[in-house]
Amino acid sequence: MDKSEKKSDKFDWTLTLILLILFLVSCAAIYSAQNTGQYEENFLFKQIFWYIVGAGIISVTMFFDSEDFQKLAWIFYGFGVLLLVALFLAPSGIAPYINGAKSWFIIEPIGSIQPSEFMKIFLVIALSRAIVSHNQHTDVKTIKSDLSLFLKLGFITALPLGLIMLQPDLGTALVVLSIFTGLILVSGISWKIILLVYGSGATLGSWLIYMVIWKPEFLQKYLHVKTYQFGRIYAWLDPESYQDSTGYHLVKSLMAIGSGTIMGKGPGERQVYLPESHTDFIFSVIGEEYGFIGGSIVICTFFMLIYHLTRTALDTLEPFNTYICTGVISMITFHVFQNIGMTIQVLPITGIPLPFISYGGSSLMGNMLAMGLIYSIRFHHRTYMFSSRAGPRRQFNPGKGFGA
């Protein structure tokens with residue numbers, strides 16, 4: 001077998017097929033979504049362009065191996081933080097407020113660039129590097145060493161998280177927390193620490209939701225929170241009562257998906273007008289035109305993607321690669337669950353796009369960079385993962401992380 005054939009064997013064709021399916025779904029949905037008369041731009045051509053750019057990102061990324069990414073981890077992290085700081089300090093001519101958030105650089109003729117989309121991937125690399133480094137220098141695991149690792153990861157996450165919250169961008173901040181949580185669960189940190197921290201967080205969150213719904217005057221009086229700030233929660237629970245304001249998008253989304261029934265109305269047969277449907281509410285377009293079956297196919301495609309990433313995480317022999325896969329899985333799973341959930345009233349509305357399908361250059365490039373990491377893992381390690389030389393498959397042990 002010649003050299004080119006060996007490289008071909010190491011290429012991740014399964015992931016390529018999944019991404020091709022998502023690309024076709026994205027093109028079909030955006031083509032329908034842009035024909036609402038709201039915009040004159042051709043978002044379909046732009047999305048195809050960003051997919052081509054994303055393919056280039058994958059091509060470059062996959063030729064770096066895990067050692068390269070470990071060496072560059074803190075450079076990537078520092079660069080991402082620097083971009084977020086620059087965004088915060090930049091004048092409005094370069095970084096204007098859009099929909100109340102200062103989250104984008106406007107670069108002509110390229111368009112808008114959202115640094116937080118890339119920061120998520122840089123954070124995955126940095127946290128993975130920190131976990132590997134800590135575990136390599138820890139001879140005996142104790143509660144103290146686990147707490148030290150938790151604090152390290154918390155500090156690494158807190159800096160970009162705080163900068164993203166200042167924009168403000170709650171949706172991306174929640175994605176950052178999901179990445180942090182996913183890596184915490186597989187890092188080997190004792191479950192005693194995890195249950196204590198997240199149990200306390202869940203208790204506090206439940207109390208806040210209770211107070212928002214039943215005792216908003218208490219929060220307004222003692223915490224000086226304005227009632228209107230809870231609009232998204234109220235609109236989520238009772239969208240019909242707020243359909244002229246914060247509940248408008250949710251009501252229209254439910255109408256669109258519900259009217260699609262089982263088979264959908266067919267391509268280009270939309271009847272429900274939903275602003276910004278080519279971005280955050282792209283699933284509503286799919287639900288209306290292709291019905292329950294079309295929506296189910298999209299969800300199954302994401303399931304195949306997550307399953308493939310999980311297999312990669314379990315099969316690779318290097319802990320750093322496992323943590324990279326875990327971070328990417330956490331990010332994409334949260335994106336999919338939150339985006340689809342908010343369109344069907346399962347979750348409150350946040351500005352989170354549907355990965356690989358919603359229109360957005362920065363989002364797509366960030367996701368393609370994440371896929372580039374997966375391609376790299378497969379390209380450089382597949383021979384050993386699936387050959388007899390691999391030895392026994394590594395297992396995940398609660399409280400100990402991944403080991404042989």
Side-chain angles (χ1 to χ4, degrees), residues 15 54 57-58 60-62 64-84 114-135 149-150 152-164 169 171-189 305-306 308-310 312-314 316 318-338 352-353 355-356 362-378 380-381 401-402:
L15 181 55
I57 292 174
I58 288 176
V60 173
T61 305
M62 67 179 292
F64 291 89
D65 61 21
S66 61
E67 290 185 3
D68 295 324
F69 288 118
Q70 290 190 64
K71 292 176 182 177
L72 296 171
W74 301 119
I75 295 177
F76 287 143
Y77 177 83
F79 178 67
V81 170
L82 183 62
L83 286 178
L84 293 176
Q114 188 174 2
S116 59
E117 292 293 338
F118 302 96
M119 185 67 237
K120 293 184 296 186
I121 314 304
F122 299 156
L123 179 64
V124 170
I125 298 173
L127 291 177
S128 300
R129 175 71 177 85
I131 295 172
V132 169
S133 178
H134 176 88
N135 290 337
L149 176 57
F150 187 92
K152 288 178 185 177
L153 301 182
F155 177 78
I156 295 170
T157 304
L159 184 53
L161 178 64
L163 292 170
I164 291 172
D169 187 352
T172 303
L174 292 175
V175 177
V176 168
L177 288 176
S178 72
I179 292 171
F180 172 75
T181 300
L183 286 168
I184 284 292
L185 293 177
V186 300
S187 64
I189 293 177
L305 174 61
I306 294 169
H308 183 71
L309 300 183
T310 303
T312 303
L314 293 173
T316 182
E318 298 186 24
F320 178 77
N321 290 339
T322 298
Y323 298 134
I324 289 289
C325 291
T326 302
V328 174
I329 291 168
S330 301
M331 179 185 73
I332 292 178
T333 301
F334 185 84
H335 262 277
V336 173
F337 186 75
Q338 172 62 40
I352 294 182
F356 306 103
S362 297
S363 174
L364 185 54
M365 286 191 292
N367 288 325
M368 293 299 245
L369 176 58
M371 293 301 100
L373 297 175
I374 306 302
Y375 274 101
S376 172
I377 293 172
R378 289 276 175 176
H380 292 284
H381 301 277
F402 284 91

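Positions are given from 1, in the same order as the sequence printed here.
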Rounded to the nearest 0.5 Å, how far does [atom2] of [Y] lie from [atom1] of [X]?
X: Leu153; Y: Ile189; atom1: CG; atom2: CD1; answer: 5.5 Å
X: Met371; Y: Thr61; atom1: CE; atom2: OG1; answer: 11.0 Å
X: Leu174; Y: His335; atom1: CG; atom2: NE2; answer: 10.0 Å
X: Thr322; Y: Ile377; atom1: OG1; atom2: CD1; answer: 7.5 Å
X: His308; Y: Leu15; atom1: NE2; atom2: CG; answer: 5.0 Å
X: Phe122; Y: Leu72; atom1: CZ; atom2: CG; answer: 10.5 Å

Heavy-atom closest pair, residues [X] and [Y]:
X: Ile156; Y: Ala126; answer: CG2-CB, 4.3 Å
X: Glu117; Y: Ser362; answer: CB-O, 3.6 Å
X: Ser116; Y: Asp169; answer: OG-OD2, 4.2 Å
X: Phe118; Y: Gly366; answer: CE2-N, 4.1 Å

Is any side-chain heavy atom of [X] less than 4.5 Å from a side-chain heavy atom of [Y]?
X: Ile121; Y: Met331; result: yes
X: Thr172; Y: Gln114; result: yes
X: Glu67; Y: Phe320; result: no
X: Phe69; Y: Ser376; result: yes
X: Asn135; Y: Pro319; result: no
X: Lys152; Y: His134; result: yes
X: Arg378; Y: Thr312; result: yes
X: Val132; Y: Tyr323; result: yes

Contacts table for residues 175-184: side-chain donor-acceptor under 3.5 angstrom, sequence neighbours left out:
residue: Ser178; atom: OG; partner: Val175; partner atom: O; Å: 2.5
residue: Thr181; atom: OG1; partner: Leu177; partner atom: O; Å: 2.8
residue: Thr181; atom: OG1; partner: Tyr198; partner atom: OH; Å: 3.0

No-hydrogen, no-angle side-chain donor-acceptor test under 3.5 Å, Thr316 and Glu318: no
Enclosure of Phe337 CZ (heavy-atom neighbours >12, cutoff 6.0 Å): no
Working for side-chain contact (heavy atoms from CB on, under 4.5 Å), residues Tyr77 and Leu159: CA-CA 10 Å; Tyr77 177 83; Leu159 184 53; 3.6 Å; yes
Any donor-acceptor pair under 3.5 Å from Asp68 side chain to Asp65 backbone: yes
Backbone N/O of Arg129 and side chain of Ser133: donor-acceptor pair under 3.5 Å: no
Result of checking Leu309, Leu127, Leu373 against Ile324 for side-chain contact (heavy atoms from CB on, under 4.5 Å): Leu373
